[in-house]
2 protein chains.
Amino acid sequence: MTQRPPLPPDLFDELCPSSLLPFRFGDKWASMVVRCLEDGPRRYSELRVPLGRVTPKALTQSLRGLERNGFVSRTVYADPKLRVEYALTPLGRSTLEPLAAACRWATEHWDELLDAREGGISSIG
Amino acid sequence: MTQRPPLPPDLFDELCPSSLLPFRFGDKWASMVVRCLEDGPRRYSELRVPLGRVTPKALTQSLRGLERNGFVSRTVYADPKLRVEYALTPLGRSTLEPLAAACRWATEHWDELLDAREGGISSIG
DNA sequence: GGTCTTGGTATCCAGATGGTGACCAACCTT
DNA sequence: AAGGTTGGTCACCATCTGGATACCAAGACC
């Protein structure tokens with residue numbers, strides 16, 4: 001079904017800017033989910049791969065939130081066997097631009113961010 | 001001391017996009033504080049005005065967080081009488097751009113946001 | 001018939017977030 | 001001397017967030 005390459009398991013490794021980013025989108029996992037859906041619909045089990053430490057509960061919760069707010073659509077196929085696909089709606093897709101702006105900002109100011117915070121990497125407050 | 005006009009008390013009224021914005025910066029008040037400092041340093045008591053419902057504890061908390069992460073500087077003057085001024089650092093100032101991008105996005109997609117979320121205005125998920 | 005995969009749900013719990021209300025010392029004004 | 005302003009702090013409490021763990025039903029596979 002999916003001809004696109006699978007999501008790389010290390011997509012959000014420790015060095016990912018989002019770990020230090022003072023900007024947040026939705027709940028903890030929302031921005032990562034959106035980025036995973038960037039180039040097409042993905043299945044629940046596909047999403048679990050790059051999000052390594054996410055628990056099913058947390059992922060479901062995040063997806064439901066995104067769905068409730070119209071950023072993501074959920075489609076169930078029972079064709080040959082059960083398949084659930086999550087995809088960005090046009091509204092969801094429109095968030096990619098400001099999300100990218102935040103990411104650009106983070107990578108540009110990465111060193112300053114690390115220098116500025118007293119006591120090394122802690123919380124994001 | 002401050003020749004600039006004072007902050008308008010209605011700066012963040014109910015209709016302010018930030019109430020529906022799925023993007024967040026720091027804690028609840030951080031993005032509003034940053035916007036208040038946009039055109040120059042402000043005193044603690046000045047900041048309390050547009051932030052209507054903020055309690056001193058919450059404001060202090062937010063400012064300390066912004067300070068800890070290098071976005072805001074805190075300067076105490078004891079000249080004639082006590083005065084504490086908060087100002088954006090260059091790093092803090094650099095967040096204005098992505099913050100504005102998020103605001104532009106919100107105003108552009110305002111109607112879609114309202115339509116998309118089921119059950120009217122609730123939480124931000 | 002037993003097991004695997006898929007797509008979840010139920011329950012519990014710790015810690016973070018955020019609000020309320022009281023209080024406070026230093027300084028200024030009246 | 002009394003009261004207001006400034007810039008906070010402290011204790012308490014409710015809620016939200018997010019993680020751990022266990023479990024589960026439907027279909028495919030062996």
Side-chain angles (χ1 to χ4, degrees), chain A residues 1-2 6-7 12 18-19 21-22 24-33 36-37 41-69 72-87 121-125, chain B residues 1-2 6-7 12 18-19 22 24-33 36-37 41-69 72-87 122-125:
Chain A
M1 293 298 165
T2 300
L7 295 165
F12 300 112
S18 56
S19 61
L21 204 60
R24 281 185 50 195
F25 170 80
D27 70 8
K28 178 173 177 184
W29 303 97
S31 59
M32 295 185 246
V33 169
C36 287
L37 299 176
R42 298 284 183 179
R43 305 177 58 175
Y44 187 86
S45 43
E46 276 185 287
L47 291 173
R48 295 186 64 171
V49 176
L51 302 176
R53 305 194 168 285
V54 80
T55 61
K57 176 194 151 192
L59 180 54
T60 301
Q61 212 168 258
S62 194
L63 285 166
R64 293 282 183 279
L66 288 166
E67 199 189 348
R68 207 176 31 246
N69 292 300
V72 158
S73 67
R74 176 176 183 274
T75 317
V76 181
Y77 301 96
D79 313 317
K81 56 178 286 187
L82 180 62
R83 212 172 83 245
V84 180
E85 277 194 353
Y86 294 93
I121 305 178
S122 55
S123 75
I124 293 191
Chain B
M1 291 300 167
T2 302
L7 295 165
F12 300 111
S18 57
S19 61
R24 281 185 51 198
F25 170 80
D27 68 11
K28 178 174 177 183
W29 302 97
S31 60
M32 294 186 247
V33 168
C36 287
L37 298 176
R42 297 283 183 180
R43 305 178 57 175
Y44 187 86
S45 43
E46 275 185 287
L47 292 173
R48 295 188 64 172
V49 176
L51 302 177
R53 303 193 170 286
V54 79
T55 61
K57 175 194 151 191
L59 181 54
T60 301
Q61 212 167 256
S62 193
L63 286 165
R64 294 283 183 279
L66 288 167
E67 199 188 350
R68 207 176 30 247
N69 293 300
V72 158
S73 67
R74 178 176 182 272
T75 317
V76 182
Y77 301 95
D79 312 317
K81 57 177 285 188
L82 180 62
R83 212 173 83 244
V84 180
E85 276 195 354
Y86 294 92
S122 54
S123 74
I124 294 192

### Summary
The residue, A/L82 or A/A58, whose nearest nucleotide of DNA chain D is more 5′ is A/A58
### Intermediate values then yes/no, side-chain contact (heavy atoms from CB on, under 4.5 Å), B/L7 and B/L51
CA-CA 10 Å; B/L7 295 165; B/L51 302 177; over 6 Å; no
### Query
Roughly, in whole Å, what's the span from CD in A/E46 to P in C/dG8?
13 Å
### Separation of atom CG in A/L63 from atom P in C/dG8, rounded to whole Å
8 Å
### Task
Give the rounded distance in Å between these two atoms: CZ of B/R24 and P of D/dC16.
14 Å
### Query
So does A/R64 get a side-chain nitrogen or oxygen closer than 4.0 Å to the phosphate oxygens (OP1/OP2) of C/dT9?
yes
### Message
Looking at C/dT6, I'd like to know if its phosphate oxygens (OP1 or OP2) sit under 4.0 Å from a side-chain N or O belonging to A/R43.
### Response
no
### Donor-acceptor pair, side chain of B/Y44 and main chain of B/P56, under 3.5 angstrom
yes
### Message
So, does A/R83 get its side chain near the phosphate of C/dT6, meaning an N or O under 4.0 Å from OP1 or OP2?
### Response
no
### Message
Students often get this wrong, so: under 4.0 angstrom with heavy atoms, is B/T55 touching a base, only sugar-phosphate, or nothing?
### Response
base
#### Entry: Donor-acceptor under 3.5 Å (B/R24 side chain, B/G26 main chain)
yes
### Nearest non-hydrogen partners of A/L37 and A/A87, listed with the distance
CD1-C, 4.2 Å
## Note on the structure
One should read off an interatomic distance between A/K28 NZ and A/Q61 CD, to the nearest 0.5 angstrom, of 12.0 Å
### Task
Would you mind reading off the distance between B/R53 atom CZ and C/dG19 atom P, rounded to a whole angstrom?
10 Å
### Query
5'-most contact on DNA chain C: B/Q61 or B/P56, nearest heavy atom basis?
B/Q61
### Message
Under 4.0 Å, counting only non-hydrogen atoms across every strand here, what does A/Y77 touch: a base, just sugar-phosphate, or nothing?
### Response
nothing
## Note on the structure
From CZ of B/R42 across to P of D/dG7 the rounded distance in Å is 14 Å
### Task
Side chain of B/D27 only, please: which of C/dT6, C/dG18, D/dT9 is the nearest?
C/dG18
### Query
To the nearest Å, how far apart are A/R48 CZ and C/dT9 P?
12 Å
#### Entry: D/dT17 phosphate, OP1 or OP2, under 4.0 Å from A/K57 side-chain N/O
no
### Message
If I take atom NZ in residue A/K28 and atom P in nucleotide D/dT17, what distance separates them, rounded to the nearest angstrom?
### Response
14 Å
### Task
May I have the distance from B/K81 (atom NZ) to C/dC28 (atom C1'), rounded to whole angstrom?
6 Å
### Query
Looking only at side-chain N and O atoms, does A/Y86 come under 4.0 Å of OP1 or OP2 in C/dG8?
yes
### Query
Any side-chain N or O of A/R74 less than 4.0 Å from the OP1 or OP2 oxygen of C/dG8?
yes
